[in-house]
There are 2 protein chains.
Amino acid sequence: MKYFNIQMAAQISGLSTHTIRAWEKRYGALHPDRTDTGRRQYSNEEIERLTLLSQLTNLGNSIGQIARLPDPELKEIYEKLTHSRESVMMSVQHNPQQVQINAEETRRNLLMALAGYKVDIISHELNKAKTALTPGGFALDILVPLLKEVEHRRQLGTLSTAQITALFAIIKFHVGNIIYGHYEKKVKSSNKFAIATPEGELHLLDIMLGALLCCQHQMNFFFLSSNLPAPSISEAVNAIETNVLILGVSQLQNLKTPLPVFIEEILGHTKNLCEVWVVGMNDLTRQLSGHRSKKVRVFASFEELDKAMEQME
Amino acid sequence: MKYFNIQMAAQISGLSTHTIRAWEKRYGALHPDRTDTGRRQYSNEEIERLTLLSQLTNLGNSIGQIARLPDPELKEIYEKLTHSRESVMMSVQHNPQQVQINAEETRRNLLMALAGYKVDIISHELNKAKTALTPGGFALDILVPLLKEVEHRRQLGTLSTAQITALFAIIKFHVGNIIYGHYEKKVKSSNKFAIATPEGELHLLDIMLGALLCCQHQMNFFFLSSNLPAPSISEAVNAIETNVLILGVSQLQNLKTPLPVFIEEILGHTKNLCEVWVVGMNDLTRQLSGHRSKKVRVFASFEELDKAMEQME
DNA sequence: TGATCAATGACAAGGTTTTGTCTAGGTTTT
DNA sequence: AAAACCTAGACAAAACCTTGTCATTGATCA
């Protein structure tokens, strides 16, 4: 029986108050209670419904067609659009032509937009993908192939540093959006992850992918950020009592300390830490094959990391 | 059992004594004990309730609707609001509302929340400000003074590095939300800006403020991100045919190349570039006064940058 | 191809309610 | 006696309400 005013409804749902009133009047999307003097009062459920409608329209549904659907159906549609890893975005109801947007097309759009410096399209496309896909799907089906292709084109000289940093900035923003949003969801696993990169390794994106996978598998994780010296990491790991540390490394030669030494240093100063997982865009299994210990696992790809997490559930 | 008088209650909760009395009289928000002569006496619980009500109204709730709710429900609402950043942040869109906020009060709230490590409050407060204000207002009235105060407190030692990085991360997130949301909007001006920082200068926040001003004046801009070498910048500038380049610089000594050399290098390799604008949190006009060329403008503050853009419209 | 039309988000005008602040006049505390 | 508190009432700004309009967009149709 909690009641919010229209301003809060707008803040939470991300709509404007104008739009909320218009949706009510034009499409009967909601019928909030009124005070004696005619002011709208929204319950928790109604705010939830508004948010849902907002997200669905963002995904391309027209408000006129979904405004009058009952809550359960809205949720169902949202589930369909959201919970598919290999996603097919389809429009709803009486709209016969199903707009199919798949991961490959999204990636192609992104690369074309990047080539033409069309930042607006990049952002829009990423936003659509991240809402339509699960975090894991977003990471594995969009970002990983995209980043590989970008790296490839960088080496060919087809993409400039400026283009790539601009792209990375946008990606980081959208991924950050997902990661921050994850904190309040319920977590299944009892394992606790910490995610970081060693000092010298600046690639934030690699570990953001790792964080997305943690979101996917509803793991409890703490995102430590990049370029951290060993003492900082072990301190943090002790403080938040994590049992697994994910280290993002893409190039060994950048590191200040050789990776095996770095890892030993961390393991020597932590209590509960059971395992250290090393992962990155580049496959480091060969280069690190000589240094394996029981506590260290090196993953050849993010797909493998994904599988490993799946098994932990 | 300790009792507080109304002045203490006002001080702790951040309300005025007038307001507290009005809330009691009009909405029956509280029923404090009275002395024999009719003076209000507040218990710990009542002060807590008052503070809670104050925070909730600050977040946008109307006092009339929540004043009579019992304590547990108030707490529940508070939890919901501060713990569901997700819904607020998920929407990549900026909708200026008719809701008005007080810039100074917002900054005060932010600094208080930062001192108490209340990350969720910081995020919510920033979100409110960014929805209530235009991008330029958000930059100039909230962020610039806030960052100056933060820098001041950092030097005094009142704020730790951890607090500041946490704050910056949240600010970056919300500014990113505005910037990348703005890309989807239409632009007025025919001028095209590119925004970057030179290699060695990592301060992303400075140029984000510049980008906010571009949003404000509906300029066409490309956000190149930070830490870029001259060739990359000139390449991008040529590719997207910008006529103005905004360089964010806050400290000259960090740069790999002296700034005048860096700028000449860019100007020497670009075609359409008419002007290079240098701006940052620190006033560099004096330090760069010797190197001025016709094409280079150094701004003493973001306010000046704002004015310059206004004149271009 | 160009004209037309429905859908939709944004906004303006004009009126009502809500709410923070202030004033005035009296009482209590210091 | 000054400062702080009390009540009651007044006020103006903020927020909300409704109705109507406008610009854009995408689809349909001549």
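Every chain is numbered from 1 and lettered A, B, ... according to where its sequence line falls, protein lines coming before strand lines.
- Nearest nucleotide to the side chain of B/Arg34, out of C/dA7, D/dA15, D/dC6: D/dC6.
- Counting only heavy atoms from C-beta on, A/Trp23 has its side chain closest to C/dG9 among C/dG20, C/dT21, C/dG9.
- One can find a donor-acceptor pair under 3.5 Å joining the base of C/dG20 and the side-chain atoms of B/Arg26.
- Nucleotides of DNA chain C nearest to B/Ser16 and A/Tyr27 differ in position, and the one nearer the 5' end is that of A/Tyr27.
- At a threshold of 4.0 Å, the pair B/Arg153-B/Glu149 counts as salt-bridged, since one of the basic side-chain nitrogens sits closer than that to a carboxylate oxygen.
- For the pair B/Thr19 and C/dT21, the criterion of a side-chain N or O lying under 4.0 Å from OP1 or OP2 is met.
- Close to D/dC5, at under 4.0 Å from its OP1 or OP2, lies a side-chain N or O of B/Asn5.
- For A/Thr37, the listed nucleotide lying nearest its side chain is C/dT17; candidates were C/dT17, C/dT27, D/dT21.
- If you check every strand for non-hydrogen atoms under 4.0 Å, B/Ser62 touches sugar and phosphate atoms only.
- In this structure, the CG atom of B/Asn61 is 13 Å from the P atom of D/dA15, given to the nearest Å.
- Rounded to whole Å, the distance from NE2 on B/His18 to P on D/dA4 is 13 Å.
- The pair B/Arg34-B/Glu24 counts as a salt bridge, with a side-chain nitrogen and a carboxylate oxygen less than 4.0 angstrom apart.
- Between B/Gly60 and B/Gln7, the one whose closest nucleotide on DNA chain D sits nearer the 5' end is B/Gln7.
- Candidate nucleotides D/dC17, C/dT19, C/dT23 were compared by shortest atom distance to the side chain of B/Ile63, and C/dT19 ranks first.
- Between B/Tyr180 and A/Phe173, the angle of the ring planes lies from 30° to 60°, which puts this pair in the tilted group.
- Using a 4.0 Å cut-off between a side-chain N of Lys or Arg and a carboxylate O of Asp or Glu, B/Arg108 and B/Glu104 qualify as a salt bridge.
- B/Leu15 comes within 4.0 angstrom of nothing in the nucleic acid, heavy atoms only.
- Distances were taken from every side-chain heavy atom of A/Lys25 (C-beta onward) to each of D/dT18, D/dT19, D/dC6; the shortest belongs to D/dT19.
- In this entry the distance linking CG of B/Asp36 with P of C/dT29 reads 9 Å, nearest Å.
- For the pair B/Arg39 CZ and D/dC6 C1', the computed distance is 7 Å after rounding to whole Å.
- Using a 4.0 Å cut-off, no side-chain N or O of B/Thr17 falls inside it from OP1 or OP2 of D/dC5.
- Straight-line distance from the CD atom of B/Glu105 to the P atom of C/dT21: 8 Å, rounded to whole Å.
- Look at B/Glu48 and B/Lys75 and you find a salt bridge, because one of the NZ, NE, NH1 or NH2 atoms lies within 4.0 Å of a carboxylate O, short of that distance.
- B/Gln41 has its CD atom 15 Å from the P atom of C/dT28, to the nearest Å.
- Here D/dA13 presents its C1' atom at 13 Å from CG of B/Asn102, a figure rounded to the nearest Å.
- Base pairing of C/dT30: its partner is D/dA1, meeting the Watson-Crick or G-U wobble criterion (both donor-acceptor distances under 3.5 Å).
- A straight line from CD of B/Glu24 to P of C/dT19 spans 17 Å, rounded to a whole angstrom.
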